[in-house]
Amino acid sequence: MADAARFADPAVEARLARLDEVLAGLEAAPGPALEAVALLTEIYGEALARVVDLAGEPLRERLAEDELLGHLLVLHDVHPEPPERRAARAVEKLRPAVRERGGELEWAGLEGQVARVRLKSGGGGCGSGCGSGSGSGSSDISEAVRAAVLAVAPELTSVETVEAAPERPAPAFVPLTGIRRRPVAQETP
């Protein structure tokens, strides 16, 4: 197996896209081919479950962290990590991209089957957060977060954005020398 050809991520993505096309064609004409694909998928799922069962903790973590394997483990419902950890990791991976756009993203936890994130969008350069949370950029980011979280944790029912705590301005510093009493001018007779 060491000599077997390995695919780079773009090649895997291209094959997955082609597989989607072929499967869509099969769904239109159900029959033995579609049943064969379903049976093969079940067998591969069982094989993955056995690999996860036999793997020690360090290997399970490495399997879970690999993007392609992680998606396959989710697809076959054998992912070793709970949905909350997977969702939190997806949010963490998106944080740099959100920061590049002037925003902030933070995992806020899980409430039942609903993922909660704090999202503060960029303020368009005004320095005070004007426009935060209301532009199409904000909805694009929210949609990207939703898609990323539900892709790694499809057991969750939705992703909600919760309000970020309002930022308090720093208290103004007034030096003591600025508040001491001024000497009162005395009148001269």
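- For Glu57, the salt bridge (charged side-chain N to carboxylate O under 4.0 Å, His left out) test picks out Arg60, with sequence neighbours left out.
- Val78 places none of its side-chain heavy atoms less than 4.5 Å from the side chain of Val51.
- Atoms CG and CG, on Leu48 and Leu63 in that order, are 8.5 Å from each other to the nearest 0.5 Å.
- Applying the salt bridge (charged side-chain N to carboxylate O under 4.0 Å, His left out) criterion to Arg99, with sequence neighbours excluded, gives Glu104.
- Annotation: side chain of Ile43 is not in contact with side chain of Leu39 (no heavy-atom distance under 4.5 Å).
- Leu156 and Ala87 get closest at one heavy-atom pair: CD1-CB, 4.1 Å.
- Between Glu46 atom CD and Asp53 atom CG the span is 8.0 Å, to the nearest 0.5 Å.
- Using a 4.5 Å cut-off on side-chain heavy atoms (C-beta onward), Val91 and Leu94 make no contact.
- Listed by first and then second residue, the side chain to side chain donor-acceptor pair (under 3.5 Å) pairs that reach into residues 105-116 are Glu106-Arg118, Arg116-Glu160, sequence neighbours excluded.
- Rounding to the nearest 0.5 Å gives a distance of 10.0 Å between CG of Leu54 and CG of Leu59.
- Residues that satisfy the salt bridge (charged side-chain N to carboxylate O under 4.0 Å, His left out) test with Glu21, not counting sequence neighbours, are Arg18.
- The shortest heavy-atom contact between Val152 and Val74 is O-CG2, 3.4 Å.
- Of all non-hydrogen atoms in Ala97 and Arg101, the two that sit nearest each other are O-NH1, 2.7 Å.
- Atoms OH and CG, from Tyr44 and Leu75 in turn, are 13.5 Å apart once rounded to the nearest 0.5 Å.
- For residues 141-151, the salt bridge (charged side-chain N to carboxylate O under 4.0 Å, His left out) pairs, not counting sequence neighbours, are Glu143-Arg146.
- Shortest non-hydrogen contact noted between Pro80 and Leu73 is CD-CD1, 4.0 Å.
- When the shell of 6.0 Å around CZ of Arg95 is examined, it contains more than 12 heavy atoms from other residues, nucleotides or ligands.
- Counting only residues at least two apart or on different chains, the side chain to side chain donor-acceptor pair (under 3.5 Å) pairs with a member in residues 61-84 are Glu81-Arg89.
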